[in-house]
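Before any comments, here is the structure.
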Amino acid sequence: MRVGVQAFLLLAAMLFALGLYGAVSKKATVQILMSLELMAIAVNINLVAMSRFVTPRTMDGWFFAVFSMVDSAAEIGLGLALVLAVFKRSNHSEVSDLSELKG
């Protein structure tokens with residue numbers, strides 16, 4: 001059984017929509033970070049699917065996907081560090097608490 005490019009695009013669209021809904025509707029910072037990670041995963045699925053189906057002889061999409069994964073891991077690490085700093089200060093970590101970081 002072969003899976004076509006449409007299945008990968010549909011999966012990526014569903015993951016991106018789910019992540020966008022979570023990022024817009026949630027107030028907890030960790031849930032928003034997880035939603036952003038879902039959207040990054042959807043982009044990576046698109047990159048790999050396009051690389052496999054559009055240009056199967058080159059590995060461009062794979063390299064962009066690996067670079068994107070490293071970038072999103074660094075962003076999530078920084079975001080979690082900010083959440084921990086806010087949590088130490090106020091014992092909860094909602095998005096409204098991040099406004100204290102403005103200075």
Side-chain angles (χ1 to χ4, degrees):
M1 180 177 143
R2 291 188 55 95
V3 178
V5 70
Q6 294 89 4
F8 288 107
L9 294 179
L10 181 65
L11 174 68
M14 289 189 317
L15 282 177
F16 193 85
L18 189 63
L20 184 63
Y21 172 74
V24 171
S25 67
K26 301 296 181 186
K27 289 186 178 182
T29 312
V30 174
Q31 289 176 333
I32 292 173
L33 288 174
M34 289 171 42
S35 300
L36 292 175
E37 190 67 25
L38 267 181
M39 289 193 289
I41 289 170
V43 169
N44 289 338
I45 288 173
N46 274 339
L47 286 172
V48 172
M50 288 299 135
S51 176
R52 175 163 163 60
F53 289 102
V54 176
T55 58
R57 294 185 183 195
T58 63
M59 299 284 287
D60 296 342
W62 292 89
F63 290 128
F64 282 124
V66 168
F67 180 75
S68 173
M69 282 188 255
V70 170
D71 183 46
S72 86
E75 289 173 4
I76 294 300
L78 180 64
L80 285 176
L82 287 173
V83 168
L84 285 176
V86 170
F87 185 78
K88 277 184 178 178
R89 212 172 194 195
S90 62
N91 282 340
H92 53 85
S93 61
E94 292 189 359
V95 176
S96 60
D97 295 335
L98 293 177
S99 64
E100 297 172 2
L101 297 176
K102 285 183 180 175

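All values below come from the heavy atoms of this structure, side chains included, with hydrogens, waters and symmetry mates left out. It should be emphasised that the depicted structure is a prediction, and the values quoted were computed from it without experimental measurement.
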Same apolar cluster: [X] and [Y], side chain cutoff 4.5 Å:
| X | Y | answer |
| --- | --- | --- |
| L47 | W62 | no |
| V48 | M59 | yes |
| V83 | L38 | no |
| V66 | V43 | no |
| L15 | M69 | no |

Roughly how far, to the nearest 0.5 Å, is [atom2] of [Y] from [atom1] of [X]?
| X | Y | atom1 | atom2 | result |
| --- | --- | --- | --- | --- |
| E37 | N44 | CD | CG | 8.5 Å |
| S72 | F67 | OG | CZ | 11.0 Å |
| M34 | L36 | CE | CG | 11.0 Å |
| S25 | L20 | OG | CG | 9.0 Å |
| S51 | R57 | OG | CZ | 13.0 Å |
| L33 | I76 | CG | CD1 | 4.5 Å |

Provide the closest heavy-atom pair for [X] versus [Y] in the form atom of the first, atom of the second, distance.
| X | Y | result |
| --- | --- | --- |
| S35 | G19 | CB-O, 3.2 Å |
| I32 | A23 | CG1-O, 4.1 Å |
| A42 | A12 | CB-O, 3.2 Å |

- Item | Side-chain heavy atoms of M50 within contact of T55, under 4.5 Å |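 Not in contact.
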- Report yes if the side chains of L80 and L84 come closer than 4.5 Å at any heavy-atom pair, otherwise no.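 No. Closest side-chain heavy atoms not under 4.5 Å.
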- Message: Counting only heavy atoms not in F53 (residues, nucleotides, ligands), do more than 12 fall under 6.0 Å from its CZ?
- Response: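 It does: F53 CZ has more than 12 such atoms within range.
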- Message: Given L11, which partner from the list N46, I45, V3 fulfils the side-chain contact (heavy atoms from CB on, under 4.5 Å) test?
- Response: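 For L11, the side-chain contact (heavy atoms from CB on, under 4.5 Å) check succeeds only for I45.
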